[in-house]
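Computation of the quantities below employed the complete heavy-atom set of this structure, encompassing side-chain atoms and omitting hydrogens, waters and symmetry-equivalent molecules. Atoms within a ligand are numbered from 1 in the order they appear, just like the ligands themselves. Counting begins at 1 with the first residue of the sequence.
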Amino acid sequence: MARTTTTVVALAAASILALTGCGRGDTSGGAGANPSAGGDASAAQGFPADSLIGVALPQKTSENWVLAEGLFNKGLADAGFKADVQFANAGVSEQQNQIQSMVTKGAKVIVVGAIDGSQLGTQLQAAKDSGATVIAYDRLVKNTDAVDYYVAYDNFKVGELQGQALLEGMEAKKPNGPYNIELFAGSPDDANSKVFFDGAMSVLQPKIDDGTLKVVSGQKDFNQVVTQGWKAENAQKRMDTLLSSNYSSAQLDGVLSPNDTLGRAIITSVKQAGKPVPVVTGQDSEVESVKSIMAGEQYSTINKDTRNLVSETINMVKDLQAGKEAKVTDAESYNNGNKVVPANLLEPVIVTKENAKESYKDDPTLSKITQ
Ligand code: BGC
């Protein structure tokens, strides 16, 4: 049947993406997705309503993770579960130990925001062997069969929106190019970083090729522009060097920043160098960045409301508890190197000064800044 052919073609395409290391490059996945594909056979049995649910979060590299901790603790408790929510501030081996300990304590679902998406295979296999369901949260886990679902905002779309915002912001300041820009990406161990970058470059590369954009430093490859550990000080240092080596006379028009923390570090560097603030993108709707946007400094951020992502994840846990398959909106696009992981994707929204008030009207903290 046609369905089978479509699935085979989609799987083949997904494998090619995996082989070429492109991460998620297929934006067409959503529509024809088969919501019942993939998933976990053991889920069909359900589990007791007061079971332990483990949530392994990475380091506190941005506000969204800190918000997630509180929301998971409260949301899981309100739903009647026992919650074990952990940060792994000391790094990968701490996260491995935490997951192992959740398995030992009998967690029925393990939700993982991986520090390093390719280093958890052994622990997640142990989770599967114990009968638990594994949900990758926000960041995909790579190169393992031991993951049942993925729940996240559409990360490729995040990158596309950042690329578009960078162009629009520069055009608003100066209608005609060429524009001088620099590129930043996130931490290379986070599976999302390459996806954000690929999404942004799908918009920016054609403009680099036709001469509208000039990356003055010449640093255009993912590996040249990464920011180890998503650390602000690493982005600031790199920006300092880029400015002193390339912009003594040239004007910097825009910087692609993958998130707000790094965006603010880039702005700090530019200000310290005594240069005008260029168009800088971001992501996460962090309080300080929303203030900066309202003050006309940072140009854009992305609204990926953590409340929705956590409640969507908890709904998936509730479905699994009841012996149902969890919700899947895209069963084709996320090949982790071993398998296509059924994904529940949420829509990110670009935010600039223009739509900030509307975007945050339901957010008790951010609506106070944007009113
Ligand atoms: C998340 C971003 C966040 C970054 C750093 C990514 O995996 O998707 O929202 O800014 O990690 O914490």
**Item:** Check against side chain to side chain contact (heavy atoms under 4.5 Å, CB included), Ser292 and Ile267
**Value:** CA-CA 10 Å; Ser292 173; Ile267 292 172; 4.3 Å; yes
**Item:** Residue pair Leu242, Phe184: steps toward the side chain to side chain contact (heavy atoms under 4.5 Å, CB included) verdict
**Value:** CA-CA 11 Å; Leu242 289 171; Phe184 281 72; 3.9 Å; yes
**Asked** Could you walk me through whether Phe197 and Phe156 pass the ring pair (Phe, Tyr, Trp, His ring centres under 6.0 Å) check?
**Response** CA-CA 8 Å; Phe197 189 70; Phe156 191 83; over 10 Å; no
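Under the rule for a salt bridge (Lys or Arg N to Asp or Glu O under 4.0 Å), the partners of Asp305 that lie at least two apart in sequence or sit in another chain are Arg307.
Looking at atom 11 (O) of ligand 1, its nearest protein heavy atom turns out to be Arg139 NH2, 2.8 Å. The shortest contact between atom 8 (O) of ligand 1 and any protein heavy atom is with Asp138 OD1, 2.7 Å. The protein atom (non-hydrogen) at minimum distance from atom 6 (C) of ligand 1 is Asp190 OD2, 3.3 Å. Counting only heavy atoms of the protein, atom 3 (C) of ligand 1 lies nearest to Ser62 OG, 3.4 Å. Nearest protein heavy-atom neighbour of atom 9 (O) of ligand 1: Asp284 OD1, 2.6 Å.
The aromatic ring centres of Tyr137 and Phe72 sit less than 6.0 Å apart.
Arg139 and Asp190 make their closest contact through NE-OD2, 3.0 Å (heavy atoms, listed as atom of the first residue, atom of the second, distance).
When non-hydrogen atoms are compared, ligand 1 lies under 4.0 Å from neither the backbone nor the side chain of Tyr137. Using a 4.0 Å cut-off between heavy atoms, Asn64 contacts ligand 1 through its side chain alone, with no backbone atom that close.
Judged by the shortest distance from any of its heavy atoms, Tyr153 lies outside the 4.0 Å radius around the atoms of ligand 1. Remark: distances from the non-hydrogen atoms of Gln59 to ligand 1 are all 4.0 Å or more.
Each of the following atoms of ligand 1 lies closer than 4.0 Å to a heavy atom of Trp65: 11 (O), 12 (O). Distances below 4.0 Å separate heavy atoms of Phe196 from the following atoms of ligand 1: 8 (O). Which parts of ligand 1 touch Lys304 is read off a 4.0 Å heavy-atom cut-off, strictly below it: atoms 1 (C), 2 (C), 8 (O), 9 (O).
Salt bridge Asp260/Arg264: absent, no basic N to carboxylate O contact under 4.0 Å.
In terms of N/O distances under 3.5 Å, ligand 1 is approached by Asn259.
Lys60 forms a cation-pi arrangement with Phe87, by the criterion of a distance under 6.0 Å to the ring centre and an angle within 45° of the ring axis.
Counting non-hydrogen atoms of neighbouring residues, nucleotides and ligands closer than 6.0 angstrom, the CD atom of Gln224 exceeds 12 such neighbours.
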